[in-house]
Amino acid sequence: MRSPLLLSCTYLLLFAAAVSPASASHHDRGDGGPLPTEVTCESNDQRQVSCDMDTRGAVEISRQLSRTRCVEGQNWGLAKHSVWVSEGCRATFRNVSKVASFAPAGDTALGSCNVRKGAQGTLVTQVPVGTDYQELIVDYPDGRFMCMLRNNGQVQSLTPLKRR
């Protein structure tokens with residue numbers, strides 16, 4: 001019998017010597033840590049398992065681990081910030097899209113700010129600040145906030161704005 005630890009996901013962050021830390025960006029997990037662009041996700045005992053992953057863009061199986069053939073839409077698929085497997089599918093999934101390496105835009109950036117705030121907000125404006133940051137003005141139920149977002153998707157600050 002397999003260990004219960006195998007039911008969890010094994011994260012494999014990709015780091016290449018040629019990639020500087022500033023350019024090795026990943027989508028923010030919401031707790032300040034990046035989501036991996038490659039993950040091993042395993043369904044043991046036919047159970048469905050979800051594994052956190054940057055799923056923006058194209059995701060493919062980079063290595064099949066199970067005898068059970070993994071078929072997208074049947075026993076594996078994508079959610080907003082995860083890949084799921086079921087029915088014995090075990091594989092390593094990789095985000096092969098260049099989207100994963102760029103700064104979050106639109107809903108993704110707003111989503112990072114919303115996670116930090118713990119509330120659903122409405123985007124008022126979004127503008128780049130230099131080459132490293134984006135400034136978002138977001139309306140939340142308790143007021144308007146400025147969300148400073150690094151280009152790797154990490155929220156730098158969330159500051160309430162005074163009403164005039």
Side-chain angles (χ1 to χ4, degrees), residues 5-117 120-123 125-136 138 147-156:
L5 292 175
L6 291 178
L7 293 175
S8 66
C9 304
T10 305
Y11 298 111
L12 301 171
L13 289 174
L14 298 177
F15 293 101
V19 178
S20 70
S23 65
S25 64
H26 303 278
H27 187 60
D28 190 349
R29 190 185 304 211
D31 63 1
L35 285 172
T37 56
E38 184 168 322
V39 66
T40 298
C41 201
E42 302 179 81
S43 166
N44 294 307
D45 301 326
Q46 305 298 308
R47 293 185 192 144
Q48 182 166 325
V49 176
S50 291
C51 301
D52 290 344
M53 179 181 182
D54 183 346
T55 56
R56 295 174 295 157
V59 174
E60 67 181 26
I61 293 175
S62 61
R63 184 169 171 225
Q64 175 85 32
L65 302 172
S66 59
R67 287 187 184 145
T68 301
R69 185 168 170 248
C70 297
V71 179
E72 186 174 11
Q74 182 178 332
N75 59 1
W76 79 272
L78 303 175
K80 188 171 183 177
H81 300 294
S82 64
V83 61
W84 60 266
V85 293
S86 65
E87 301 171 12
C89 171
R90 295 184 302 116
T92 299
F93 299 87
R94 181 180 316 154
N95 187 319
V96 294
S97 175
K98 293 182 186 208
V99 172
S101 65
F102 293 123
D107 292 338
T108 305
L110 177 60
S112 294
C113 295
N114 285 345
V115 167
R116 173 75 174 267
K117 176 69 173 148
Q120 284 297 110
T122 304
L123 184 64
T125 63
Q126 179 178 359
V127 294
V129 178
T131 58
D132 299 326
Y133 292 92
Q134 298 177 54
E135 177 188 279
L136 284 77
V138 184
C147 179
M148 288 300 291
L149 189 71
R150 292 181 184 201
N151 282 342
N152 66 2
Q154 184 178 7
V155 176
Q156 180 68 29

Engineer: So do the side chains of C147 and R116 get within less than 4.5 Å of each other, counting heavy atoms only?
Structural biologist: no

Engineer: About how many Å separate OG1 of T68 and CZ of R90, when rounded to the nearest 0.5 Å?
Structural biologist: 8.0 Å

Engineer: Please round to the nearest 0.5 Å and tell me the distance separating atom CG of L149 and atom CD of Q154.
Structural biologist: 9.0 Å

Engineer: I'd like to know if the side chain of N75 and the backbone of C89 have a donor-acceptor N/O pair within less than 3.5 Å.
Structural biologist: no

Engineer: How many angstroms lie between CE in M148 and CG in L136, if you round to the nearest 0.5 Å?
Structural biologist: 9.5 Å

Engineer: Distance check, rounded to the nearest 0.5 Å: T40 atom OG1 versus R94 atom CZ?
Structural biologist: 10.5 Å

Engineer: Can you tell me how far the CG atom of L35 sits from the CZ atom of R56, to the nearest 0.5 Å?
Structural biologist: 8.5 Å

Engineer: Please give me the minimum heavy-atom distance between S112 and V155, naming the atom from each residue.
Structural biologist: O-CG2, 3.5 Å

Engineer: Can you give me the closest heavy-atom contact between S86 and Q74, atom names plus distance?
Structural biologist: OG-O, 4.1 Å

Engineer: Going by heavy atoms in the side chains, are F93 and L78 under 4.5 Å from each other?
Structural biologist: no

Engineer: What closest approach, in Å, do P36 and D52 show between heavy atoms, and which atom pair accounts for it?
Structural biologist: CG-O, 3.6 Å

Engineer: With sequence neighbours excluded, tell me which residues meet side-chain contact (heavy atoms from CB on, under 4.5 Å) with R63.
Structural biologist: L65, T92

Engineer: Check for a donor-acceptor pair, side chain of S43 on one end and backbone N or O of V49 on the other, with a separation under 3.5 Å.
Structural biologist: no

Engineer: Could you check whether any side-chain heavy atom of W84 comes within less than 4.5 Å of a side-chain heavy atom of S82, counting everything from C-beta outward?
Structural biologist: no

Engineer: Quick one: are N95 and M53 in side-chain contact, heavy atoms under 4.5 Å?
Structural biologist: yes

Engineer: Measure the CH2-OG distance between W76 and S66 for me, rounded to the nearest 0.5 Å.
Structural biologist: 12.5 Å

